Amino acid sequence: MSDIKAATLEYATRLGDDSVVLGHRISEWVSYGPFLEEDIAYGNVSLDYIGRARMFYTYAAELAADGRDEDDFAFMRNDREYRNLLLMEMPKGDFAYSQVRQLFADVYYTVLLPELLQSKDETLSAIAAKAIKETKYHLRRSRDWVLRLGDGTEESHKRTQKAVDQLWGYTHEMFDMDETEQLLADEGIGVDVSKLRDAWLKMVTDILTEATITVPEDSWAVRGGRTGYHTENLGHMLTEMQIVHRSNPGCKW
Amino acid sequence: MSDIKAATLEYATRLGDDSVVLGHRISEWVSYGPFLEEDIAYGNVSLDYIGRARMFYTYAAELAADGRDEDDFAFMRNDREYRNLLLMEMPKGDFAYSQVRQLFADVYYTVLLPELLQSKDETLSAIAAKAIKETKYHLRRSRDWVLRLGDGTEESHKRTQKAVDQLWGYTHEMFDMDETEQLLADEGIGVDVSKLRDAWLKMVTDILTEATITVPEDSWAVRGGRTGYHTENLGHMLTEMQIVHRSNPGCKW
Amino acid sequence: MTPQEEQFWAKIEAEEKIEPKDWMPDDYRKNLIRQISQHAHSEVIGMQPEGNWITRAPSLRRKAVLLSKVQDEAGHGLYLYSACETLGISRSEMIEQLQTGKAKYSSIFNYPTLTWADVGAIGWLVDGAAIVNQVSLQRTSYGPYSRGMIRICKEESFHQRQGYEAILALAKGSPDQKAMAQDALDRFYWPALMMFGPHDSESAHSQKSMQWKIKRETNDDLRQKFVDQTVKQIEVLGLEHPDKAIKWNEERGHYDSSDLNWDEFWSVINGNGHCNRQRIEHHVAAHDEGEWVRDAISAYNEKKRAKKAQNAA
Amino acid sequence: MTPQEEQFWAKIEAEEKIEPKDWMPDDYRKNLIRQISQHAHSEVIGMQPEGNWITRAPSLRRKAVLLSKVQDEAGHGLYLYSACETLGISRSEMIEQLQTGKAKYSSIFNYPTLTWADVGAIGWLVDGAAIVNQVSLQRTSYGPYSRGMIRICKEESFHQRQGYEAILALAKGSPDQKAMAQDALDRFYWPALMMFGPHDSESAHSQKSMQWKIKRETNDDLRQKFVDQTVKQIEVLGLEHPDKAIKWNEERGHYDSSDLNWDEFWSVINGNGHCNRQRIEHHVAAHDEGEWVRDAISAYNEKKRAKKAQNAA
């Protein structure tokens, strides 16, 4: 396998991991939302991410060409093999926590996907095209929520500020590059995320400010998702996600 | 295998299941207790139950004589195969909930074990002998807690009463007999639990009354643990308990 | 009979729909509220037993299908709450009735989902039974309910096919998977039959509902339809029929089947199901935890309104 | 020097223990409180990374061993809190200092436990490093602390053997298990070395502590002992040594090893570890949730006291 192909396989896996992990976290809200409309909305967003994961993994499987399919990528790798950003694996927390995480992710995809759309790799570009539309809806939703929660009651403001403070340190690694991603960026296949932080920070700052929320200082940063060095949360999540699949080796569903 | 041997195997498995499930639930409290002494006490009680499970399963494995060991019984059966009483699998809930469940279980063993001690089956009798000593300590502890919580603050009283009301309907099946257990009771091997309810009820009533807690009416009863018909809680518990074992088939630890 | 009553009955007679603005007898309204809200609550509570497996679905495709299905149920709940609101009851009143036990939901959801196969069984059997009932309710006399049923039936049929397909994959899979499918069928077949309610002779609300054309076919007739259609489906799966007495009756043109265990039915309804308490506690907990969120929205909207008013002044 | 001071230093000189009732310099007391409470907090926070695997332990025996170990840690915490209380600080003050970040705990517990092998690695390497330190602290000048160390060391040695044995089972197991063991070794080896603290030249508290005989050996000397003893253990496991530069130095009679990445050490201490926030949040959450329980005990005891007083009157 060429270096570029191997890097693309790794890249598609990373993006698939981000999607499946965040999609799973969102799905934990179903039947637990503050009202019925929100259960539906959560279902929608989760479905978009699961769908995205399937496209990325299917492409990864195609590149790997070793007989694995999308489910092997999702269900047969442990947390040391997962390559998602740590932000995605943080537990669902309260409603403010989930919506703030969602805002951070949605703005990230808002600045990332138009770049991925330009990829020379047609599959990645096609996935980006589909995802861009979804992300517009996602961002409208998480932005609205953060505005309402931040500028709602004293309690909702406090919870929202706390969530922002708790999650901020997990946003830095979203803009880290490593050799694999640099190679793909140089080839016009992957995105140079290190160039996206300013745009992300501006959008997030605008929204948080409107929501009367203070943007935290960059006093700490946790990193490791892209090297499979995760928080303890991911293992518990994968335990639940993988139990049926792993308990019945080699079965079709 | 003779009928009696098969029944004894089933019986040892049931008693092992009760122990491992309750032991696991208690272990969920470690590092979550209201103070350090309580973390230690929880650890103690959990250890006793895990130890008991190992003795019962080891005996079951000996009777089965099909190459399985204690861990095969604990980690390779799913919730449809588990035969524990439903009371044991209920989630940890708050501290009052766990202590009330513990009281119900401890009084149960207080009336059950002296009978099992009389078993013609020497292994069962020996396990009972060891467990009786532990149970004395367990009951002293859960009794003290229920007294203090029931007759403590308004809030602790409310939580304790709620826990009693929520768990009461799961206590009835503890005194159900089926053919297997009847056969063993007739043979002087197993205990006729249907004869134990009065004694259990009297002890529990005395303690609850002293704790200023109202003994609920018998308005509902959920049954099914002994036939493998569980609540949705057990599946989630076994998911976590079995994931590492099942993800590495055939390994030694 | 008053002119209003005459007009009402004439419409019923002529198979015309009663609409929210129309006059209707108090009992008709009450009965409808009872039936529609129960239906809505069933959709909402029904999210839980299947939702229990969203995080454990064994493939990404199944996970997506299940998510989508549970989402549809939420949508049906919403739609039915709206239909019911046209009768003069608010959603928060209905939710309170559900949480206090004053309003019911289908007792089928008091049974636990114990394995992945249960998700398939619910889609196939529970949604299947629901559809048989709902198809007949497409012709119900109350307009918003009838239109709701037409819309809901389409999605339910889709769910049923997906459920059946999920069970089929298991039935044709490994021995463990097949056993899982059989087990789910054995557990959900009987409760599904009971979803149609007591025998006609013992059904409290049936007769009046039939006259009002709120109900269009009797419990026993609907149940027979379901029994008949399920026999062939079980054959295709290669599973054993849970009813050993099932037998084609040439004369009746229907399958004969065993008597149902109504004691168990009533026992579960009356609180002895595995999940009666759990389902309501789950609903209450989620609702209570959502209170600060709903408060935040009100406060936010109030601020915006005040600001707008200030700007306008 | 006051007579008190002279007496104090004479005792130190003579290797006699300072006891709670003895006079001691303020700084000695403060330093001891800092060190013992940090040690106690480390035992308590240390329950979390291993506790994370209690519910997932892959065999009943391992589950029991792990439960027992975590329970011992709680016991050590308790014992050390008591030792520290003899210096005039209450347990609740210490807990508050922990929760507000004023008191520290060993930074090793800011690293996550990611696989089952990590439990073994912690027992073997982290407890192993702790013992090297604690053995030297058995001779510490403060009586209660010294006696605590003697007791704790016995149990820790037991834990270390169990941890090593757990890793051995993995190292001799399937390829996946062996990989898991190697991975855990690779991740925990370096942080374990850093447990001994900065180089002697950069250690803020070391010199004074040595004079007071609170500390008995320097960070670097203790670290060297640990490095030396671990080489052979890794060989027996058949795993690769994480330090490619490890080499026997005949002249020194010790192993030479790579420089440590102190930037990472400080980075983790200063908040960039995976679990800094998680550990404290967990502790605070459990403590807060326990408040109503502690209140209940007070209320109950108060009632009993009042009743007794009434009966006596």
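Bear in mind that the values here come from a model prediction, so they are computed numbers and not experimental data.
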A.B. asks: Please list, in residue-number order, every residue in residues 161-177 of chain A that has a heavy atom less than 4.5 Å from any heavy atom of chain D; write 'none' if there are none.
C.D. replies: A:Q166, A:Y170
A.B. asks: Taking atom CD of A:E217 as the centre, does the number of heavy atoms from other residues, nucleotides or ligands within less than 6.0 Å exceed 12?
C.D. replies: no
A.B. asks: Please check if atom CG in D:N261 has more than 12 non-hydrogen atoms from other residues, nucleotides or ligands closer than 6.0 Å.
C.D. replies: yes
A.B. asks: CH2 of D:W262: more than 12 outside heavy atoms within 6.0 angstrom?
C.D. replies: yes
A.B. asks: If you draw a 6.0 Å radius around CD in D:E96, do more than 12 non-hydrogen atoms from other residues or ligands fall strictly inside?
C.D. replies: no
A.B. asks: Measure across D:N272 and A:V222 and return the closest heavy-atom pair with its distance rounded to 0.1 Å.
C.D. replies: O-CG2, 3.9 Å
A.B. asks: Short question: side chain of D:H274, backbone of A:Y229 - any donor-acceptor pair under 3.5 Å?
C.D. replies: yes
A.B. asks: Just checking D:K172: does its NZ atom have more than 12 heavy atoms from other residues, nucleotides or ligands closer to it than 6.0 angstrom?
C.D. replies: yes
A.B. asks: Restricting to ring-ring contact (aromatic ring centres under 6.0 Å, His included), what partner residues turn up for A:Y82, sequence neighbours left out?
C.D. replies: none
A.B. asks: If I compare all heavy atoms of A:H230 with all of D:P112, which pair ends up nearest, and what's the gap?
C.D. replies: O-CG, 3.5 Å
A.B. asks: Would the number of heavy atoms belonging to other residues, nucleotides or ligands and lying under 6.0 Å from OH of A:Y32 be above 12?
C.D. replies: no
A.B. asks: Looking at A:D66, I'd like to know if its CG atom is crowded, meaning that more than 12 non-hydrogen atoms belonging to other residues, nucleotides or ligands lie closer than 6.0 Å.
C.D. replies: yes
A.B. asks: Testing the 3.5 Å rule here: is there a donor-acceptor pair between the side chains of D:Q278 and A:T231?
C.D. replies: no
A.B. asks: Pick one of side chain, backbone, both or neither for D:T115, based on which atoms fall under 4.5 Å of a heavy atom in chain A.
C.D. replies: side chain
A.B. asks: Select one option (side chain, backbone, both, neither) describing which atoms of A:L86 are under 4.5 Å from chain D's heavy atoms.
C.D. replies: side chain
A.B. asks: Heavy atom to heavy atom, less than 4.5 Å: which residues from residues 47-73 of chain D reach chain A?
C.D. replies: D:P49, D:N52, D:R56
A.B. asks: Could you check whether atom CD of D:E240 has more than 12 heavy atoms from other residues, nucleotides or ligands sitting under 6.0 Å from it?
C.D. replies: no
A.B. asks: Taking 4.5 Å as the heavy-atom cut-off, does anything in residues 176-193 of chain D contact chain A, and if so which residues?
C.D. replies: D:D183, D:R187
